[in-house]
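Note that the coordinates shown come from a computational prediction; the quantities given were computed from them, not determined experimentally. In what follows, every chain begins at residue 1, and chains take the letters A, B, ... in the order their sequences are listed.
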Number of protein chains: 2
Amino acid sequence: MAPASSPLPISSESDEKYANVKWEELGFALTPTDYMYVAKCKEGESFSQGKIVPYGDISISPCSPILNYGQGLFEGLKAYRTEDDRIRIFRPDQNALRMLTGAERLCMTPPSLDQFVEAVKQTVLANKKWVPPPGKGTLYIRPLLIGSGASLGVAPAPETTFLVYASPVGGYHKVSSGLNLKVDHKHHRAHSGGTGGVKSCTNYSPVVKLLLEAKSSGFSDILFLDAATGRNIEELSACNIFIVKGNIVSTPPTSGTILPGVTRKSISELARDIGYQVQERDVSVDELLEAEEVFGTGTAVVVTAVETVTFHDKKVKYRTGEAALSTKLRSMLTNIQMGIVEDKKGWMVEIDRCQG
Amino acid sequence: MAPASSPLPISSESDEKYANVKWEELGFALTPTDYMYVAKCKEGESFSQGKIVPYGDISISPCSPILNYGQGLFEGLKAYRTEDDRIRIFRPDQNALRMLTGAERLCMTPPSLDQFVEAVKQTVLANKKWVPPPGKGTLYIRPLLIGSGASLGVAPAPETTFLVYASPVGGYHKVSSGLNLKVDHKHHRAHSGGTGGVKSCTNYSPVVKLLLEAKSSGFSDILFLDAATGRNIEELSACNIFIVKGNIVSTPPTSGTILPGVTRKSISELARDIGYQVQERDVSVDELLEAEEVFGTGTAVVVTAVETVTFHDKKVKYRTGEAALSTKLRSMLTNIQMGIVEDKKGWMVEIDRCQG
């Protein structure tokens, strides 16, 4: 997908450095940007080059597998603007690989790793004035892989659409000191042999009702337990979970029912770098309740401390704030992302300014 | 939704009784028809009247909950043409009620029961020349309720679209004597607290891979076991299951992980009518393997005999053909649907020919 064959749009507004956005007011909601990337692929073929088009509604068959049977995957990653005005994205290859795994699970044709990364770069570059100023937020990038075409029966899609759109965002949770979680002992998010281990759209709408109910009771989010035993913690509605006790940081293993988070993987590495022992293993609710610290990780939430966990009638409070490991890890990660410290891990991918 | 305010289209072809379809070649695949029904509703409001529009692609936000988070429900029902040229639909109120239940589970706004039934009737009437001649097939009707509008986070949809399209269809399975099922002892279809009990799009795409694998090994379909114990049978990829032993017909209960099928309910009633005892209860794999007869029920498959079940290395053969209860029940049901015997149950809803 050579950039030359998919020329980027030259807008009359291209001289403006920033879009007209009240950066201070950004939350995690859609602010439509100028452009999106779209590529299509027939069943049995490969994706050829896509193109940048104006952001807007797409046209799709009412009989498409995404509308009828939930055949869709999404990804989430972010572009960051540094103080010296470089625009960079975080580990897009990891999202590309996860989409490949998900596509295999849902019998879809994915873009190649290079196509994925190139599409993300093109989308960011086309929307670069929507990347918030340093410290004011990030450009959230949402790649979608959806079963388009028309298929009446439950079957692989006759056509697949790969689409990337973006929106500037601020914080995901409106919280100060940390999240207040409710452990759900009745509903599960995923089951063995299901799609919990890939970023399938089917993992999310079933959770909305439970999330609304928890929020109406004053909780920030839900913590799900495994469906097999009901004893081990899995993840929140949209992020992974870690517990800390002494020098040991523990997080549930990616054995098929939890999402292999890119932030989860990166934070594990950073914790090891500063001398913590990181264990990927089953973590029981009992252990959770006895932890010193609990935090969530994800592209949207970054690293967010958990202040309390409520399980049945028991409510436990955890360390948060400056003394918390989560605060330190969040700083370590965002300092790399924002270019405040050198990226020695090769995690950041620069968007080539020359192409703009 | 008064028909007067949503006038039906008058096509120049409206005098033709039948569309140009090779009725003998119909399988379960999309044959696009002329019209579909579309209604939209903002969050917090109710559906007002929708309208019949030409069948074709719809326009939807790339940031919609159906494309990103699988927020969608579907239904399936059929219209039948009788020998005396009446067009009738089967128990649409049951599909409407199921959509109401599903919408509650997925935090969506559903159409009212009357709106649902009226929309189905209008769709059939607008496409009446696509209802196959008696004995050649049926008009399959697919109502969809999808989260449209734009919402970046996992949340209820800011807009909901109710859409009904239709396609003439023949048989669902290409089988002669009966289905050859594989019992899947590794993957599950649903889990407690999930969406297995409603017709959510999220129940279907996760099954495609398993279905393709089973088909490539020569099986017609998969039989799933419950996720909680792995011992009890639940349903096939897209239909309910019954077993027969002596005078007892048994089918798993609708306790949240299997779909409460309209055909399942109707067949239970018909079996009772002819003196069978029908039990809705947990049915173990062991019992399945010892049954005399096994069959599936669903709108698409109607009543379809199971010829063999394979569980690990064990393969069991069941009664099929003229002597089978499933053959008798299928005839009883289709005779009512096709108007060959009188509908004493009030199951059939006539499409008023005067409106055409």
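Looking at I58(B), the atoms closer than 4.5 Å to chain A (heavy atoms on both sides) sit in the backbone and in the side chain alike. Of the atoms belonging to I146(B), it is side-chain heavy atoms, and not backbone ones, that fall under 4.5 Å from chain A. Contact of M36(B) with chain A is made through the side chain alone, with heavy-atom distances under 4.5 Å. Residue A190(B) touches chain A through its backbone alone, counting heavy-atom pairs closer than 4.5 Å. For chain A, no part of L73(B) is nearby; none of its heavy atoms comes within less than 4.5 Å. In this structure, chain A has heavy atoms under 4.5 Å from both the backbone and the side chain of P62(B). Residue contact with chain A, scored on non-hydrogen atoms closer than 4.5 Å, involves the side chain of C107(B) exclusively.
Among residues two or more places apart in sequence or in another chain, the side-chain contact (heavy atoms from CB on, under 4.5 Å) test is passed with P110(B) by L100(B), A103(B), L145(B).
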Can you pull every donor-acceptor pair closer than 3.5 Å across chain A and chain B?
residue: I58(A); atom: N; partner: I60(B); partner atom: O; Å: 2.7
residue: I58(A); atom: O; partner: I60(B); partner atom: N; Å: 2.8
residue: I60(A); atom: N; partner: I58(B); partner atom: O; Å: 2.8
residue: I60(A); atom: O; partner: I58(B); partner atom: N; Å: 2.7
residue: N68(A); atom: OD1; partner: R142(B); partner atom: NH1; Å: 2.8
residue: N68(A); atom: OD1; partner: Y165(B); partner atom: OH; Å: 2.8
residue: Y69(A); atom: O; partner: S205(B); partner atom: N; Å: 2.9
residue: Y69(A); atom: O; partner: S205(B); partner atom: OG; Å: 3.4
residue: Y69(A); atom: OH; partner: R142(B); partner atom: NH1; Å: 3.1
residue: Y69(A); atom: OH; partner: R142(B); partner atom: NH2; Å: 3.0
residue: G70(A); atom: O; partner: S205(B); partner atom: OG; Å: 2.8
residue: E104(A); atom: OE2; partner: K209(B); partner atom: NZ; Å: 2.7
residue: R105(A); atom: NH1; partner: P206(B); partner atom: O; Å: 3.0
residue: R105(A); atom: NH2; partner: P206(B); partner atom: O; Å: 2.9
residue: R142(A); atom: NH1; partner: N68(B); partner atom: OD1; Å: 2.8
residue: R142(A); atom: NH1; partner: Y69(B); partner atom: OH; Å: 3.1
residue: R142(A); atom: NH2; partner: Y69(B); partner atom: OH; Å: 3.0
residue: Y165(A); atom: OH; partner: N68(B); partner atom: OD1; Å: 2.8
residue: H188(A); atom: O; partner: H191(B); partner atom: NE2; Å: 2.9
residue: H191(A); atom: ND1; partner: H191(B); partner atom: ND1; Å: 2.8
residue: H191(A); atom: NE2; partner: H188(B); partner atom: O; Å: 2.9
residue: S205(A); atom: N; partner: Y69(B); partner atom: O; Å: 2.9
residue: S205(A); atom: OG; partner: Y69(B); partner atom: O; Å: 3.4
residue: S205(A); atom: OG; partner: G70(B); partner atom: O; Å: 2.8
residue: P206(A); atom: O; partner: R105(B); partner atom: NH1; Å: 3.0
residue: P206(A); atom: O; partner: R105(B); partner atom: NH2; Å: 2.9
residue: K209(A); atom: NZ; partner: E104(B); partner atom: OE2; Å: 2.8

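Interface summary for chain B: among V207(A), L212(A), V198(A), the most heavy-atom pairs under 4.5 angstrom belong to L212(A). Among A150(B), A155(B), G147(B), the residue making the largest number of heavy-atom pairs under 4.5 Å with chain A is A155(B). Ranked by heavy-atom pairs shorter than 4.5 Å toward chain A, the options G27(B), G56(B), P156(B) are led by P156(B). Listed options A228(A), P32(A), C201(A) were ranked by heavy-atom pairs under 4.5 angstrom with chain B; first place goes to C201(A). Highest contact tally toward chain B, considering only L144(A), L163(A), L211(A), L106(A), is held by L144(A) [criterion: heavy-atom pairs under 4.5 Å]. The candidate with the highest count of non-hydrogen atom pairs below 4.5 Å against chain B, out of C63(A), G76(A), A29(A), is C63(A).
Counting heavy atoms from C-beta outward, V169(A) and L152(B) have side chains that approach closer than 4.5 Å.
The CD1 atom of I60(B) sits 6.0 Å away from atom CG of L67(A), with the distance rounded to the nearest 0.5 Å.
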